[in-house]
Structures are given as structure tokens and as C-alpha cells.
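Take a look at the structure below.
We count ligands from 1, going down the list as the structure has it; atoms in each ligand are counted the same way.
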Amino acid sequence: MRNLNGIRLSHHKKSKDLATVELPLPKTVTIPMLQHMGAGCKPLVEAGDVVKVGQLIGDSDEVFSVPVHSSVAGTVTAIQDYVASSGKTEKRVVIEVAEIQETIDAKPHPVSDQKSLVEAARLSGLSGLGGAGFPTHVKLNYKDIDKVDTLVINGAECEPYITSDYREMLEAPDDIIGGVKEVMRCLKIANAYIGIEDNKPDAIKLLREKIDVDNIHVVSLKSVYPQGAEKVMIYHSTGRVIEEGEIPADKGVIVLNISTVSHLYRFIKTGMPLTHKRLTVDGNFVDKPINVRVPIGTSIDYVLDFAGVDNNKADKILMGGPMMGIAIYDVETPVIKNNNAILVLQEKDRKYKASRTVSTLSPSVTEGTDNPEDAAKGPASTVVGKELVPPTTACIRCGKCVYVCPVDLMPAALEKAYDKKNVDSLKNLKVNLCINCGCCSYICPAHRNLAQKNQLAKEMLRKMKK
Ligand code: SF4
Ligand code: SF4
């Protein structure tokens, strides 16, 4: 690992000074039973049931799963099948929203040690809110917790446009600090580092002013993409390197997203699970960006309507940032826990390829093509409207992809190995270390879909159990 070269992107953080507004209640919400990495939940309600805000409506016995709660009060009208991003058919609960919103009788959930913290994280319904969707309780349940001495809080928010975490820092700094202290106390962690890119000086200043202990440090990080990638964040905050096959806890570090830790604190204090999510709605097709608090399960269509965006005229709609976001083809898609932005783009932002728009990980984003490899050749199937990405030409061996790769891979060689289906070479070149940041695809003057090929390669190795 070395200091990050990465890429310098225009920040486009036009929404940074816009306080969070509340979305008016939609008429219905559709709440997926799988909103996290791991196993989906079974619905605990059926059509005709009346539910309250915060009520548990889905759960699972699997360790690698996260309970799901209702974001509204209303009546369940249907339990539907849908194809989740895992490729599996899962369930989702459709709720007609009532006029009067009744909330569960929530009680504070004090924590004192690892066991109670893990239980609180699970009951809160939290999975990594930065976008990864990793179950928070699994992360906190590391078996050799005595070896963990460092908590890293990821406040980088390094993708263009998105200011959801930034608003959390400005609007709820006490919850962030409270959450950090609770995690440190329960896990007996000596030091915490809150990593924030230096394009957010207000947030850095505010948190530094608010912190009243000397073992929580705010680290100002260079604004370079992908500063928020977990391994990059750990290296730049602590100097520790996470090797292939290791998780951060193996090196004594637990990493939590900054909104995750504040939501955890709010659950501890109130007992109210995660029901709403803040989203940034922006993009070059959005006249008036907003930060908006949305009930989970609300359709993207409804949120865009509130933001005054005519999505019929947009070229591309992304859930997430322009580098790692997922292009959506159905505006009825519901908002889930780990969504932090809806970006609406027009052709002038050709540079952004959104690395996951052709992912095999999400059947929804390869809609329209029979073969994901066809999708990796170009973006045609994934966009709402016109094609955004220029045509691919031959590699000119400029080495730019190697220079920008944050984990020191050789993307051009990986692409060649994948094209030849050379499994040994893919393993030798350590394709599984790829974090799918998209830097290589972004920088490549030949417009090669390098990051996408890596996703396909990893999927191929996974299927071969290599
Ligand atoms: S950036 Fe593109 S053109 Fe340059 S070496 Fe990498 S793949 Fe080849
Ligand atoms: S090879 Fe992977 S980690 Fe490296 S720049 Fe490309 S997408 Fe990012």
C-alpha cells in the first residue's frame, strides 16, 4: 500500500449547505426484505395487518442478516416477490400509508459491553449506511475483540455530489460523538479516528470543537477519490495495511460509517430502529438539489417528483454516486437503508461511467441484455434514455490505470487475463483485492471497462470457488 494517487474529481457538492428537509408521506411504501449483504428476512406480517412506524416486519435466524422495520404506519396490502441484487428472489412488503402515523412504544436500549452493543446494533436494523450494507452487528461481533484497539469512523464521502454524511456531521455531531464513545466503551477501544476529507472544513471544525476527550481524533484527509474506500481510509487514518484475505479487525481496527455510528447512538438512546434515510438528490439534470429524509421503501419516482425532477427527460438515474452508484431502469425502485443519493444525469457528464452500471451483481442493472459480458463491452442496456459512455478503443499502454489504482493492481493486465479466462493469472494479479472504485475505468483514455471486467472476473472466481 502507498499513499493514494487516486483521481481528483470535481466535487459538485452544491447541496452541502442545504439542510435536510422532510419528504411528505407517500401513499404507499414497498419495503424489501433484503437491504443488506447476506440473507434476506422473512416477512412477519401479511396482507391486511395494520403496522406502526418502527414495527418489526421482517427477520431471519441467519447471523448474516438484519431485521427490517416499517417506516410508516398503515395497512399491509401485499407481500410481493422481487429479484434482489443478489440475483435471488426475495420478498417485499407493500404498505398503504395511514393518515395518522402511530409509532411503536420505543424504549432506550442501554449498552455496557460487546454482547449488548452487538444486540443493539442488530435490533436497530443497521447495516453500513455508507453504501456497503454490511450488517453492523456482525462487524462489531469480532471474536478477538481484545485485539482491537482502534475505531475508524469513515466520514470521507468522497464521491461527487453526495452530501448526506456531511449533513449528518453538521446536523447531528453530538450523536456521532455519542455513538463513537459508546462503541469505544463497550469494546474497550483505546483510540478513535474520524476521517473526513478536507473539502468539508466546517464539519472538521465543528467535530473538533465538540469532542471533549483526547482519544477521539478528527483526521483531515486529502480530497482524492476513493479516499472513503475502507482499506484506503484505514491506511491514511492509522498507517495500518490490510492484506489480502484479512479483515480490518485482524489488524486491530473496526471501521464504521459516520451516519451508521450516529444512528446506533440514537437507537441506544431512544430504542427507535432505522426507518428513514437521508438522501442527496442532485446531478447535472437537477435544478434544485436537496437533502431529504425519506421513509425507507419510498419509490425513487416519488422522491424525484418532490425534488421537481422530470425523470422522463433524464439520460441516467443512479442510486449512489457517479463512480460506484448503480444505474436504475425502474423509477418505482424503492429507497433502501444503504442508499445515500439519487443522481439524475444528462449526457454532458459523459466522463462518469458509474462502474457498477454493468455489474453482474445486480440483475436489475443488466436488464435489457442477455449476457452480462455484452454489458461490460458497453453501457447500452443500463441507462434511462441515451448512451453516455464513449466507444472503447485499444489499450495504448499508458499505465494511467496502474497509477490511480488505490490498491496497487494492474487493471490492464487483469482485463487481459479475464478476456482469456486465465484463472491463475487473475489470482496472481490479485483481482479479489479490487474494490471496484472505478478509478481505472474513469482515467483510461481508451475508455476500457476495466472495473467492470474485474467485477465479472471476481464473480467468475466466486462461482468456481477459487
Ligand atoms: S489506462 Fe487504459 S490505455 Fe492506459 S494502460 Fe490502462 S487500459 Fe491501457
Ligand atoms: S482495479 Fe479495482 S481497485 Fe484498482 S482502480 Fe480499478 S476498480 Fe479501483
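The CD atom of Glu90 sits 4.5 Å away from atom CG of Leu34, with the distance rounded to the nearest 0.5 Å. Note: Thr150 OG1 to Arg240 CZ = 3.5 Å, rounded to the nearest 0.5 Å.
The side-chain heavy atoms of Val68 and Gln35, taken from C-beta on, include a pair separated by under 4.5 Å. Counting only heavy atoms from C-beta outward, the side chains of Met37 and Pro135 approach each other to under 4.5 Å.
The contact set between ligand 2 and Ala451, taken as ligand atoms under 4.0 Å from a residue heavy atom, comprises 7 (S). Within the listing of ligand 2, atoms 7 (S), 8 (Fe) sit less than 4.0 angstrom from a heavy atom of Gly438. Against a heavy-atom cut-off of under 4.0 Å, Pro411 is close to the following atoms of ligand 2: 1 (S). Numbered from 1 in the order shown, with element, the atoms of ligand 2 that lie under 4.0 Å from a heavy atom of Cys440 read 1 (S), 5 (S), 6 (Fe), 7 (S). Within ligand 1, the atoms closer than 4.0 Å to a non-hydrogen atom of Pro445 are 1 (S), numbered from 1 in the order shown. Which parts of ligand 2 touch Val407 is read off a 4.0 Å heavy-atom cut-off, strictly below it: atoms 3 (S).
Of all protein heavy atoms, the one closest to atom 4 (Fe) of ligand 2 is Cys405 SG, 2.4 Å. Atom 1 (S) of ligand 2 has its closest protein heavy atom at Asn454 ND2, 3.2 Å. In this structure, atom 8 (Fe) of ligand 2 lies nearest to the protein heavy atom Cys437 SG, 2.3 Å. Scanning the protein heavy atoms around atom 6 (Fe) of ligand 1, the nearest turns out to be Cys401 SG, 2.4 Å.
Taking 2.8 Å as the threshold, Cys395 does not count as a candidate ligand of atom 4 (Fe) of ligand 1, since none of its N, O or S atoms lies below it. Because the distance cut-off is set at 2.8 Å, Cys434 qualifies as a neighbour of atom 2 (Fe) of ligand 2 through one of its N, O or S atoms. Because the distance cut-off is set at 2.8 Å, Cys444 qualifies as a neighbour of atom 2 (Fe) of ligand 1 through one of its N, O or S atoms.
At least one heavy atom of Asn436 sits closer than 4.0 Å to an atom of ligand 2. For Ile435, the closest heavy-atom approach to ligand 2 falls below 4.0 Å. Heavy atoms of Ile396 approach ligand 1 to within less than 4.0 angstrom.
Of the N and O atoms on the side chains of Arg92 and Thr30, not one donor lies less than 3.5 Å from an acceptor on the other residue.
Annotation: cation-pi geometry satisfied between Lys421 and Tyr418 (NZ/CZ under 6.0 angstrom from ring centroid, within 45° of ring axis).
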Given side-chain contact (heavy atoms from CB on, under 4.5 Å), test Lys337 with Ile296 step by step and report yes or no.
-> CA-CA 7 Å; Lys337 295 175 185 179; Ile296 287 164; 3.7 Å; yes

Do Asn340 and Asp165 pass the side-chain contact (heavy atoms from CB on, under 4.5 Å) test, and can you show the C-alpha distance, the side-chain angles, and the key distance before you say yes or no?
-> CA-CA 8 Å; Asn340 48 19; Asp165 280 349; 5.7 Å; no

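Here the side chain of Glu332 pairs no donor or acceptor atom with the backbone of Ile300 at under 3.5 angstrom. Looking only at distances, no side-chain donor or acceptor of Asn311 sits under 3.5 Å from a matching main-chain atom of Ile317.
Only the backbone of Arg397 comes within 4.0 Å of ligand 1, counting heavy atoms alone; no side-chain atom from C-beta on gets that close.
Residues Asp419 and Lys453 are paired through a salt bridge, judged by an N-O separation under 4.0 Å between the basic side chain and the carboxylate.
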